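Below is one structure, written out as structure tokens, with a few remarks after it.
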Amino acid sequence: MKPGILVFVEARDGRVKNASWEALGEALRLKSAAGGDVSAALVGSGVQSLAGLAAARGADRVFAVDQGYLGAYDCAAWGRALQRAAEASGAGLILLGGTTVGRDVGPWLAAQLDAPYAADCTSTVVEKGGVVARRPVYAGKAVATVGADADVCVLTLRPKAFEAAPEQPGRTAPVTLVVPGDPEHVRAVAVSLATGAGGALDVAEADVVVSGGRGVGGPEGFKPLEELAAVLGGAVGASRAVVDLGWRDHAAQVGQTGKTVAPTLYIAAGISGAIQHLAGMRTSKVIVAINRDPEAPIFKTATYGIVGDLFEVVPELSRALKEAGVHR
Amino acid sequence: MNLYVCLSRVPDTATRIRVHADGLRIDPEGVQFTINPFDEFAVEEAVKLKEKQGGKVTVITVGPAEAQKDLRACLARGVDDAVLLAPKGPVDGLGVAKLLAARLKDAKPDAIFCGKQSVDDDQGAVGPMLAALLGMPVVTRVVKFEARGATFAAAREIEGGLENVEGAFPAVITADKGLNKPRAAGLKDIMGAKNKPLVQESVDAPAPKLRTLKLEPPAERAPGRIVGEGKAATAKLVDALRNESKVL
């Protein structure tokens, strides 16, 4: 692997994704083992103004591909732009935050560069001229350790699995403007954010998730869960059964064909604990299970369990938390 | 339209995964393999598109001979023909994308549908890689799709919402759950599928760029406990969350 690390600093609407600062933090940790310096790549329209932020977070050099046509997201256009930034930096290891954009552009870039690609890494090491990473597979039912030692390797990092690079006020770095050419690559463009689901806290990003399963009995049964989530500043999740029944949108599904979540606190109400559901939430810091059936498999995975009717327990829990003055 | 769907064969999501004694792969003993759940939505969307705008749907997979069963299941649900590329050695995601691209390059597809990721490796890489290799645009995690002749409108799931996308064929589309309701095949369809063309070819495997060094079970969680029964237990729970786990 060539020395040097390039981190894709992803920004939308002028805001850098925290997953990018986490990737930069990991790059700084790997810097001495990888040799060379740590570069940041900015891609978009008006993103040059964010170079100072990347420098303040520890980037030694910043490569900005700042073009009007990159204002809307297109995987191929952004991928090509990032490829040009990568070539300009000469870096051997390319790190991206595992956002929806990162998970698009990372493999696109790897294919262009004929480079090895590992997604959703939860730890990384640079050794003997290559990179070794751990990544959950089978939705977390197993963990793989993978290795690659090509000239250039591309990894996406699981959000919230790494420490964000801290700000060092006053730190600066040279900025290089890279011109990508070929804007004809823009062919499938993001035109707008749809209303409805937009704006809601995503279960994958929330620090607290309150999920309901078949035990909630119907769409209206989610009301006490929504109230509890509101008290805790969390998001409402759902089991696959509930989504398949149409009680809740797929965006809320936790598990193997939904989202993998790892919040600080996961509360499962009326969820029995199918293997595919447990896979999607088992790395949560604390798991609370509320279920009428004392034999429900969810209790084997839970940190704390309450055996009881969720329609009695959940509202009482909301009340008790409010009374205890809990604000998250 | 000339439509393709890429399929992969994965352990059923209800399957308990055990690591093989070699520590490098799963133990296939007792594992039920099936069509990757996200690919089911890709198949359905391709067939719906054919029904709307005319054309032909071909399903293609890189996998073992056993995958013929999965391909036949697709042929029973409106797919017209099937191709099974059986690699002579292990392949990684990029290898799969290369084999598919080599096969599809001259086929001039108008659209290629894939699942957003395979629920075994969870890389979600083949769709974007295939797009890169074929020079086609790609829209991933699609939950709404509407073809309008030579162009399309789609909605994809992003963090905390949906994003509307517009594009033109040819394109690679990766399907997320919610895109459609895959149809069930009737007995007549299943019988008819037996006469549809299915070719199997042995292909050289591109050398994997990513090596698996180890596969292991996830870390065990510390054992938990039942704090109590009914709503009287909530006080104990709040106390444990606050003073023991310190998450409040």
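In the text below, chain A, chain B and the rest are named by the order of the sequence lines, each starting its count at 1. The structure presented is a predicted model; accordingly, all values stated were derived computationally and were not measured.
- Side chain of Gln123(B) to backbone of Tyr117(A): a donor-acceptor contact under 3.5 angstrom is found.
- Of the possible donor and acceptor atoms, none in the side chain of Arg225(B) sits under 3.5 Å from a partner among the backbone N and O of Ala302(A).
- The residue among Arg240(A), Arg103(A), His277(A), Glu312(A) with the most heavy atom pairs within less than 4.5 Å of chain B is Arg103(A).
- Among Lys17(A), Gln256(A), Arg134(A), the residue making the largest number of heavy-atom pairs under 4.5 Å with chain B is Gln256(A).
- Ala139(A) touches chain B through backbone and side chain together, each having a heavy atom under 4.5 Å away.
- Counting heavy atoms from C-beta outward, Leu317(A) and Lys231(B) have side chains that stay 4.5 Å or more apart.
- Using a 4.5 Å cut-off between heavy atoms, Ala118(A) contacts chain B through both its backbone and its side chain.
- Proximity to chain B is absent for every atom of Glu323(A), based on heavy atoms less than 4.5 angstrom apart.
- The parts of Ala233(B) that come within reach of chain A are both its backbone and its side chain, each placing non-hydrogen atoms under 4.5 angstrom from that chain.
- For the pair Thr303(A) and Arg221(B), the minimum side-chain heavy-atom distance is below 4.5 Å.
- With chain B as the partner, the residue from Pro136(A), Gly308(A), Gly147(A), Ala119(A) showing the most heavy-atom pairs under 4.5 Å is Gly147(A).
- For chain A, no part of Lys236(B) is nearby; none of its heavy atoms comes within less than 4.5 Å.
- The part of Phe299(A) that comes within reach of chain B is its side chain, from C-beta onward, which places non-hydrogen atoms under 4.5 angstrom from that chain.
- Counting heavy-atom pairs closer than 4.5 Å to chain B, the top residue among Val137(A), Leu310(A), Val105(A), Ile306(A) is Ile306(A).
- Heavy atoms of Lys300(A) lying under 4.5 Å from chain B are absent altogether.
- Heavy-atom distances place no part of Pro208(B) under 4.5 Å from chain A, backbone and side chain included.
- When heavy atoms are compared at a cutoff of 4.5 Å, Val132(A) approaches chain B solely by way of its side chain, counted from C-beta outward.
- For Thr260(A), no part sits under 4.5 Å from any heavy atom of chain B, backbone or side chain.
- When heavy atoms are compared at a cutoff of 4.5 Å, Ala279(A) does not approach chain B at all.
- With a 4.5 Å cut-off on non-hydrogen atoms, Asp104(A) touches chain B through its backbone and its side chain both.
- Between chain B and the options Asp114(A), Asp149(A), Ile287(A), the largest number of non-hydrogen pairs under 4.5 Å is found for Asp114(A).
- Among Glu205(A), Gln112(A), Arg282(A), Gln276(A), the residue with the largest count of heavy-atom pairs under 4.5 Å with chain B is Arg282(A).
- Inter-residue side-chain proximity for Thr234(B) and Val314(A) is flagged as unmet; no heavy-atom pair is nearer than 4.5 Å.
- Side-chain contact between Arg292(A) and Glu229(B) is absent, with no heavy-atom pair separated by less than 4.5 Å.
- Using a 4.5 Å cut-off between heavy atoms, Thr301(A) contacts chain B through both its backbone and its side chain.
- Only the side chain of Val288(A) comes within contact range of chain B, with at least one heavy atom under 4.5 Å from a heavy atom of that chain.
- For Ala274(A), no part lies near chain B; criterion is any non-hydrogen pair under 4.5 Å.
- Here the side chains of Thr140(B) and Thr100(A) are not in contact, with every heavy-atom distance at 4.5 Å or above.
- Only the side chain of Val243(A) has a heavy atom closer than 4.5 Å to any heavy atom of chain B.
- Heavy atoms of Pro37(B) lying under 4.5 Å from chain A belong exclusively to its side chain.
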